[in-house]
Amino acid sequence: MTQSFSGKIKDKLIKAKRKWAADGRLLTGATDQARENRLPPGQRLVKDWPVLDLGITPHISADDFKLQINGLVENPLVLNFMDLLDLANVVAVNDIHCVTSWSRYDNEWQGVTALTLAEMVRPKPEAKHVLFTAHDGYTTNVRIDQFVDEGVLIAHHWNGEPLSEEHGGPVRVVIPKLYFWKSAKWVREITFAKDDQPGFWEERGYHNNADPWTEERYG
Ligand SMILES: Nc1nc2c(c(=O)[nH]1)N[C@H]1C(S)=C(S)[C@@H](COP(=O)(O)O)O[C@H]1N2
Ligand SMILES: [Mo]
């Protein structure tokens with residue numbers, strides 16, 4: 001069977017990232033004291049916004065976009081792009097911290113809070129975990145308390161512009177307190193569950209919890 005070009009790139013990227021994870025590379029532990037309050041340990045500040053993903057960019061128009069919210073909830077929902085715009089929207093400004101060691105300050109996101117969506121679907125008492133599934137096949141997981149936390153958005157605008165395709169448009173998740181791999185681009189499904197289900201990188205050596213302040217990078 002011949003493998004597609006994008007399939008090859010994908011495999012290459014996965015291999016490189018897995019190697020870093022195995023080596024514990026990028027785990028510098030160094031802290032810039034002058035910026036201690038803003039820049040987590042082992043991170044460096046960038047001005048541009050790198051694109052990181054599995055190498056496959058799904059093309060989903062706002063018209064075709066649908067978000068399913070399901071699993072252990074009283075009221076499963078399917079929302080389209082217009083539904084999201086019609087819900088209470090907020091603007092939140094926060095910093096991105098990527099596990100590959102770059103951080104980017106002052107990103108202005110617009111979208112619906114995860115808390116708003118949770119209130120709409122009403123998770124059952126047994127629901128303790130949330131799994132995000134994206135259109136490129138990517139998955140990532142958080143606990144329900146991390147999901148409903150302050151600043152967590154299902155976002156469709158960045159710095160006043162519609163979120164670009166390469167950064168997860170039309171709609172991505174933003175979980176500012178965790179390393180950025182927890183923020184699924186091109187999100188299509190949010191599933192509440194009793195048990196934790198490790199996502200794509202969590203299964204490949206990334207930390208389950210992903211707190212940048214305690215460098216929960218790998219393991
Ligand atoms: N759907 C999807 N979401 C994803 C990823 C991915 O490969 N697919 N990569 C994650 C990782 S590892 C990072 S660092 C950020 C990168 O987001 P950016 O490209 O907007 O900087 O997206 C996260 N969300
Ligand atoms: Mo990442």
Side-chain angles (χ1 to χ4, degrees), residues 6-7 9-27 40 42-60 65-68 92 94-111 114 130-142 146-147 152-159 161-191 197-212 215-219:
S6 61
I9 292 181
K10 185 176 151 180
D11 284 353
K12 206 173 153 190
L13 275 167
I14 293 168
K15 241 175 148 177
K17 282 199 176 179
R18 289 184 80 162
K19 190 170 183 313
W20 296 343
D23 290 349
R25 177 175 143 177
L26 310 174
L27 258 175
Q43 295 294 110
R44 73 193 151 79
L45 193 57
V46 299
K47 294 278 181 225
D48 59 342
W49 185 8
V51 172
L52 273 102
D53 51 49
L54 304 177
I56 293 161
T57 306
H59 305 287
I60 297 117
F65 175 79
K66 279 193 176 54
L67 176 63
Q68 301 199 49
N94 49 53
D95 301 341
I96 295 171
H97 305 300
C98 176
V99 72
T100 60
S101 85
W102 58 269
S103 292
R104 190 183 187 286
Y105 289 168
D106 297 325
N107 299 275
E108 187 202 274
W109 306 99
Q110 187 193 329
V130 177
L131 182 74
F132 302 99
T133 305
H135 280 282
D136 58 346
Y138 186 78
T139 55
T140 187
N141 58 307
V142 294
Q146 295 172 314
F147 179 72
V152 178
L153 290 192
I154 312 306
H156 45 73
H157 277 71
W158 174 85
N159 286 6
E161 302 285 340
L163 185 62
S164 69
E165 198 166 62
E166 59 181 2
H167 288 298
V171 177
R172 77 174 297 160
V173 180
V174 179
I175 307 182
K177 290 185 187 169
L178 302 179
Y179 281 125
F180 210 32
W181 87 76
K182 294 285 188 183
S183 296
K185 313 204 284 193
W186 314 294
V187 63
R188 69 170 168 81
E189 202 171 339
I190 300 176
T191 306
Q197 189 184 323
F200 183 89
W201 286 121
E202 290 83 5
E203 276 194 317
R204 289 165 175 80
Y206 282 28
H207 201 287
N208 204 43
N209 200 53
D211 175 8
E215 291 201 72
E216 291 176 336
R217 296 172 189 272
Y218 310 112

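Order of listing sets the numbers, starting from 1, for every ligand and every atom in it.
In W102, the part holding a heavy atom less than 4.0 Å from any atom of ligand 1 is the side chain.
Of the candidates R172, H135, H97, it is R172 that places a heavy atom closest to atom 22 (O) of ligand 1. The closest non-hydrogen atom to atom 5 (C) of ligand 1, taken over W186, Y138, W181, comes from Y138. Taking only non-hydrogen atoms, the option from Y179, F180, W201 nearest to atom 17 (O) of ligand 1 is F180.
With W109 contributing its side chain and I154 its backbone, the two residues share no donor-acceptor pair below 3.5 Å. Panel note: side chain K182, backbone N141; a donor-acceptor pair is recorded below 3.5 Å. The closest donor-acceptor contact from the side chain of R217 to the backbone of V99 lies under 3.5 Å. Using modelled atom types, one side-chain atom of T139 and one backbone atom of F200 make a donor-acceptor pair closer than 3.5 Å. At least one donor-acceptor pair closer than 3.5 Å links the side chain of Q43 to the backbone N or O of W102. R172 places no side-chain N or O within donor-acceptor distance of the main-chain N or O of H156, the cut-off being under 3.5 Å.
In terms of N/O distances under 3.5 Å, ligand 1 is approached by L52. Polar contact with ligand 1: present for L54 (N/O pair, distance under 3.5 Å). Backbone and side-chain nitrogen or oxygen atoms of D136 are examined, and one is located within less than 3.5 angstrom of a nitrogen or oxygen of ligand 1. Residue contacts with ligand 1: P50 is placed with a nitrogen or oxygen under 3.5 Å of a nitrogen or oxygen of the ligand (distance criterion only).
Every atom of ligand 1 is numbered from 1 in the order shown, and the set under 4.0 Å from a heavy atom of C98 is 14 (S). Numbered from 1 in the order shown, with element, the atoms of ligand 1 that lie under 4.0 Å from a heavy atom of W49 read 18 (P), 20 (O), 21 (O). Atoms of ligand 1 lying under 4.0 Å from any heavy atom of A134, numbered from 1 in the order shown and given with element: 1 (N).
Using cut-offs of 30° and 60° for the angle between ring planes, the W49 and F180 rings count as tilted.
S183 counts as a contact of ligand 1, since one of its heavy atoms falls under 4.0 Å from the ligand.
In this structure, K185 and Y138 have side chains that are not in contact, with every pair of non-hydrogen atoms separated by 4.5 Å or more.
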